[in-house]
Structure formats: C-alpha cells, structure tokens
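Here is the structure we will look at.
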Amino acid sequence: MTKTDTFTLLVLGGTSAIALAYARARLADPSLQGRATRVVLVGRNASKLDTERKHFEALGTIVDVRVADLSAPTKHSEAIAGPEPLDEVILAYGTLTDQDRAQTENQYLTEQLDTNFT
C-alpha cells in the first residue's frame, strides 16, 4: 500500500455485486481511518456506474467513473490510466455466457473466452 494521504481503489467491473461489496468493506476498514478514500469505477453501463457513484459519495468517498468495455484490448489503457497512484485493484468484470450458444457458435465462444479469461 502506498503511503499517500488518499487510499485509491480501482474497480474493474464497477457494477459487479461482488466487487462493490468488497469495495464497501475495504473502505470501512479501520486501518483507513483518517485517510481520504477514492474509488475509480470502470464498467460498461454508465447508468449503473452513476448509481454506484452516488452510493460511494454518500459514504464520503471521492469517486471517478470511467465508462469502458474492458473486452476491447486496445482501449484498456484509456480506461485505467490516470495520474493517481493505486493502492488496490479489484478485477471483477465479465459476461454471463449462454452455454448452448457457446457450444454451437465459435465466434461467440471466442468472444466470451476473450472477455472472461483473456
């Protein structure tokens, strides 16, 4: 962890219920008492990200929302780059794959594997 005045948490998958629960628990950690907290939420759905932004702001957290599809490899650096030092990163993005479709459509399967595992 860096020793800056602000604890910064990058959430890749900024609408994931698991990631958001972890982020809330982490920001409530007594070891962060007295430090400012900042969350960078990265995800595809601007409306859901905005809702989560409001929740974190209500807790007194500084929030930066970045709308991005992390399955587009050429856009990753644009979505996660920033001047701030990061203390932690949560990786919790992906898609819910249609099993039947994945078994019959190779292109769809490749896209799902790229998004969820690559």
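From a predicted model like this one, the values you see are computed outputs, not experimental measurements.
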Let me confirm one number: the [atom1]-[atom2] distance from [X] to [Y], rounded to the nearest 0.5 Å.
{"X": "T15", "Y": "L41", "atom1": "OG1", "atom2": "CG", "answer": "9.0 Å"}
{"X": "L70", "Y": "L91", "atom1": "CG", "atom2": "CG", "answer": "8.5 Å"}
{"X": "D69", "Y": "N45", "atom1": "CG", "atom2": "CG", "answer": "11.5 Å"}

R101 bridged to E111 by N-O distance under 4.0 Å |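 A salt bridge is absent here (no side-chain N lies under 4.0 Å from a carboxylate O).
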
Would you call D50 and K48 a salt bridge, taking side-chain N to carboxylate O under 4.0 Å as the test?
-> no

Minimum side-chain heavy-atom gap [X]-[Y] below 4.5 Å:
{"X": "V65", "Y": "V63", "result": "yes"}
{"X": "E52", "Y": "R24", "result": "yes"}
{"X": "V11", "Y": "V40", "result": "no"}
{"X": "L32", "Y": "R26", "result": "yes"}

Mind running side-chain contact (heavy atoms from CB on, under 4.5 Å) on Y93 and V42 for me, showing each step along the way?
-> CA-CA 9 Å; Y93 75 88; V42 180; over 6 Å; no

Partner set under side chain to side chain contact (heavy atoms under 4.5 Å, CB included) for A36, not counting sequence neighbours |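 Applying side chain to side chain contact (heavy atoms under 4.5 Å, CB included) to A36 gives T6.
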
List for me each residue that meets side chain to side chain contact (heavy atoms under 4.5 Å, CB included) alongside A92, sequence neighbours excluded, and say none if there are none.
->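 Applying side chain to side chain contact (heavy atoms under 4.5 Å, CB included) to A92 gives S16, A19, I90.
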
At their closest point, which heavy atom of V89 faces which heavy atom of L86, and how far apart are they?
->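 Shortest heavy-atom separation between V89 and L86 comes out as CG2-CD1, 4.1 Å.
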
Taking all non-hydrogen atoms of both residues, which atom of P85 and which atom of T8 are closest, and how far apart?
->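 Reported closest heavy-atom pair: O-CB, 3.5 Å.
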
Ring-face cation of R38 near F56 (centre distance under 6.0 Å, axis angle within 45°) |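 Here R38 fails the 6.0 Å and 45° test against F56.
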
Would you say the side-chain atoms of D87 pair up with the backbone N or O of L9, donor to acceptor, closer than 3.5 Å?
->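 Side chain of D87 to backbone of L9, a donor-acceptor pair under 3.5 Å: no, none is there.
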
Taking N116 for its side chain and T95 for its backbone only, find out whether a donor-acceptor pair lies under 3.5 Å.
->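 A pair under 3.5 Å: yes.
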
In terms of hydrophobic clusters joined by side-chain contacts under 4.5 Å, are I62 and V39 together?
->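 No, because I62 and V39 fall into different hydrophobic clusters, even though each may have its own neighbours under 4.5 Å.
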
If Ile, Leu, Val, Met, Phe, Trp and Tyr residues are connected whenever their side-chain heavy atoms lie under 4.5 Å apart, and connections chain through other members, are L49 and L59 in the same group?
-> yes

Can E88 and Y22 be counted as having a side-chain donor-acceptor contact under 3.5 angstrom?
->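 Judged by distance alone, the side chains do pair up.
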
